[in-house]
Amino acid sequence: MPAGKGFIMLTLEQAREKLQKYGQEHVLKYYDELSEEQKQALLEQIEHADLSRVEACKHPEDLLQRGVIAPLASMQLGEIDENRESFTAAGLKAIRAGRVGAVLLAGGMGTRLGSDDPKGMYNIGVTRKLYIFQCLINNLMDVVREAGNYIHLFVMTSDKNHDATVNFFEKHDFFGYDGSFVHFFKQEMAVACDYNGKIYMEEKGKMSTSPNGNGGWFISLKRAGLLDLVHEAGIEWLNVFAVDNVLQRIADPCFVGAAILRNCSVGAKVVRKNAPDEKVGVVCLEDGRPSIVEYYDLTQELMDAKDENGDPAYYFGVILNYLFRREDLEAMLSSLPLHLVEKKIPYLDEEGHLVKPEAPNGYKFENLVLDMIHQLPSCLPFEVVREKEFAPVKNPTGIDSVESARALLALNGVEL
Ligand code: UTP
């Protein structure tokens with residue numbers, strides 16, 4: 001019999017056994033106090049949770065073993081300028097034929113920004129309202145106007161922000177976009193635990209969960225049935241991008257055309273790093289395949305390394321704007337590596353009171369979109385001018401903040 005939502009397969013005994021196997025019996029501490037409905041919900045959550053993931057934090061050193069790193073040349077601005085016309089023409093042709101779709105990754109929690117709302121609802125305007133979602137739609141509209149047709153936009157949310165996100169788009173009439181081209185889908189959730197691997201409870205009948213990272217987007221799109229729509233619409237390229245870069249160029253015809261004409265499985269927009277230790281992942285080859293090394297894995301030796309022209313070998317950072325060829329995504333076989341991310345996780349204390357910690361207090365478990373690059377045969381790192389295309393909003397102030405993004409928006413003539 002299939003396990004559907006609301007249909008309980010696990011009995012209390014079976015749930016206890018599953019928890020015992022991973023040393024997590026405390027999850028049932030308040031079981032007897034719960035209503036019938038809450039009991040069912042908890043058993044269902046236990047049934048679906050992948051508790052083996054939690055074991056990973058006991059041996060973090062085993063998680064991501066890196067291969068041999070070597071430089072991967074990026075297509076730089078000079079070469080792009082020389083080919084701009086032909087790239088743009090090829091990209092526009094694909095967009096007009098409906099072969100390009102866009103995927104907005106908006107399932108994150110945005111904890112650093114510190115607002116309880118979805119990050120896209122943040123008002124970055126000063127004298128007028130200008131929401132992050134609105135900035136992104138405005139940018140996408142530039143291409144819609146140039147191409148003369150709408151582009152399917154898939155928006156990934158999570159259990160934590162789905163309803164708020166959908167309502168916000170509807171309330172604002174999709175910021176002038178054609179709503180029939182916007183499709184929402186939810187990513188999966190994963191349990192979160194303390195530094196010793198003990199799962200936190202966020203309610204007496206609920207284990208703490210966090211969205212399982214942005215790497216789950218393709219599986220979640222498929223599970224939501226939207227890959228069928230991708231096929232029916234004839235979409236061959238999916239431009240995946242982060243919610244928090246307000247200068248994000250989406251379905252950029254020049255970028256699309258370059259990936260098509262260079263016949264690459266994936267294109268990755270990159271910027272020149274502003275310092276050797278800037279906190280962005282850099283493109284490279286790893287054991288001969290394209291890859292991205294996160295900033296915390298970049299050794300001093302790699303930071304200092306030079307390529308054959310004497311330029312820094314690992315100097316192009318990714319900005320979470322990738323163009324994936326659908327066919328290659330569908331052929332991807334292996335699962336993505338797991339990352340442990342330290343986070344502030346709300347939890348019930350010993351007395352059963354909810355605590356919202358001020359500092360990170362444990363791990364959440366994530367798959368990352370950047371690891372998908374390593375599973376694909378070829379990648380085109382494509383340089384863009386950072387002042388024009390990279391204004392991430394991660395923090396309220398300081399680096400990659402509301403302040404810095406406002407300054408960059410103003411520099412690009414956006415009325416605030
Ligand atoms: P970040 O790595 O900045 O994470 O996300 P975050 O959760 O939004 O923010 P912090 O770290 O808690 O402050 C980069 C992009 O990936 C998306 C985010 O929405 C953002 O567009 N993302 C992240 C997801 O879609 N799902 C996730 O599980 C995590």
Side-chain angles (χ1 to χ4, degrees), residues 50 53 102-122 124 131-133 135-137 139-140 153-162 164-165 168 184-192 208-221 223-224 238-248 250 268-269 279-281 292 294-296 317-322 336 338-346 356-373 390-402 404-405:
D50 178 359
R53 284 190 156 212
V103 181
L104 164 56
L105 302 177
M109 304 266 279
T111 48
R112 282 170 286 174
L113 192 57
S115 159
D116 284 339
D117 287 333
K119 210 187 240 188
M121 284 172 61
Y122 193 88
I124 195 146
Y131 303 102
I132 291 182
F133 282 138
C135 288
L136 298 174
I137 295 291
N139 298 349
L140 184 53
L153 173 65
F154 302 90
V155 183
M156 184 165 85
T157 62
S158 81
D159 271 350
K160 307 254 178 198
N161 68 13
H162 182 83
T165 303
F168 193 69
F184 297 94
F185 66 102
K186 280 193 213 176
Q187 68 176 103
E188 320 284 309
M189 306 296 283
V191 289
S208 291
T209 56
S210 291
N212 67 346
N214 55 29
W217 72 269
F218 188 63
I219 292 169
S220 300
L221 183 89
R223 286 202 183 126
L238 286 166
N239 186 190
V240 175
F241 63 97
V243 69
D244 47 25
N245 173 9
V246 286
L247 286 180
Q248 192 84 258
I250 305 147
K269 285 203 167 187
K279 290 184 174 173
V280 289
I292 291 164
E294 270 291 24
Y295 66 90
Y296 42 76
V318 284
I319 60 170
L320 220 173
N321 186 318
Y322 302 105
L336 295 173
L338 198 60
H339 292 256
L340 288 184
V341 187
E342 284 191 55
K343 284 277 160 175
K344 297 180 212 166
I345 304 159
K356 285 193 171 179
E358 297 285 314
N361 60 332
Y363 294 119
K364 63 179 189 171
F365 300 84
E366 294 197 337
N367 295 124
L368 302 182
V369 63
L370 57 83
D371 287 320
M372 293 171 100
I373 309 300
F390 191 41
V393 182
K394 301 283 185 195
N395 307 298
T397 54
I399 294 172
D400 295 344
S401 66
V402 173
S404 59

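We use all heavy atoms of the structure for the numbers below, so side chains are in, but hydrogens, waters and symmetry mates are not. Residues take their numbers from the sequence shown, with the count starting at 1. Quick caveat, the model's predicted, so the values are computed rather than measured. All ligand and atom numbering here is 1-based and tracks the order in the structure.
Residues satisfying the salt bridge (charged side-chain N to carboxylate O under 4.0 Å, His left out) criterion with K186, sequence neighbours excluded, are D159.
Taking the six-membered ring for Trp and thresholds of 30 and 60 degrees, F133 and F168 have ring planes inclined between 30 and 60 degrees apart.
With respect to atom 26 (N) of ligand 1, the closest heavy atom belonging to the protein is Q187 OE1, 2.7 Å. Nearest protein heavy-atom neighbour of atom 23 (C) of ligand 1: G108 CA, 3.6 Å. The protein atom (non-hydrogen) at minimum distance from atom 16 (O) of ligand 1 is N214 ND2, 3.1 Å. Scanning all protein heavy atoms for the shortest distance to atom 21 (O) of ligand 1 gives L105 O, 2.6 Å. Among protein heavy atoms, atom 6 (P) of ligand 1 sits closest to G110 N, 3.6 Å. Atom 12 (O) of ligand 1 has as its closest protein heavy atom T111 OG1, 2.5 Å.
At a threshold of 4.5 Å between non-hydrogen side-chain atoms, the residues F241 and I319 do not count as touching. Side-chain contact between K394 and S401 is absent, with no heavy-atom pair separated by less than 4.5 Å. For the pair M121/N161, no side-chain contact is recorded, criterion being any heavy-atom separation below 4.5 Å from C-beta on.
Taking a cut-off of under 4.0 Å to the non-hydrogen atoms of L320, the atoms of ligand 1 that pass are 14 (C), 15 (C). Atoms of ligand 1 found under 4.0 Å from any heavy atom of M156 (numbered from 1 in listed order, with element): 25 (O). Heavy-atom proximity to K394, at under 4.0 Å, picks out these atoms of ligand 1: 1 (P), 3 (O), 14 (C).
Of all non-hydrogen atoms in L113 and K119, the two that sit nearest each other are CD2-CG, 3.6 Å. Taking both residues in full, the closest heavy atoms of L136 and I250 are given as O-CD1, 3.5 Å, listed atom of the first, atom of the second, then distance.
Of the possible donor and acceptor atoms, one in the side chain of Q248 sits under 3.5 Å from a partner among the backbone N and O of A242.
Using modelled atom types, one finds no donor on one side chain facing an acceptor on the other under 3.5 Å when comparing D400 with N395.
With distances taken over non-hydrogen atoms, the option nearest atom 25 (O) of ligand 1 out of G120, G215, G107 is G107. Distances from atom 28 (O) of ligand 1 to the heavy atoms of G213, S220, A242 put G213 nearest. Closest heavy-atom approach to atom 10 (P) of ligand 1 among the candidates K364, K343, Q248: K343.
In terms of polar-atom proximity, M109 is counted as a contact of ligand 1, with an N or O under 3.5 Å from an N or O of the ligand. On a distance-only criterion, R112 and ligand 1 share at least one N/O pair closer than 3.5 Å. Remark: ligand 1 and V243 share an N or O pair separated by less than 3.5 Å (distance only, no angle test).
The proximity of P211 to ligand 1, defined as any non-hydrogen pair under 4.0 Å, involves the side chain as well as the backbone.
Separating the CZ atom in F185 from the OG1 atom in T157 is a distance of 8.0 Å, to the nearest 0.5 Å.
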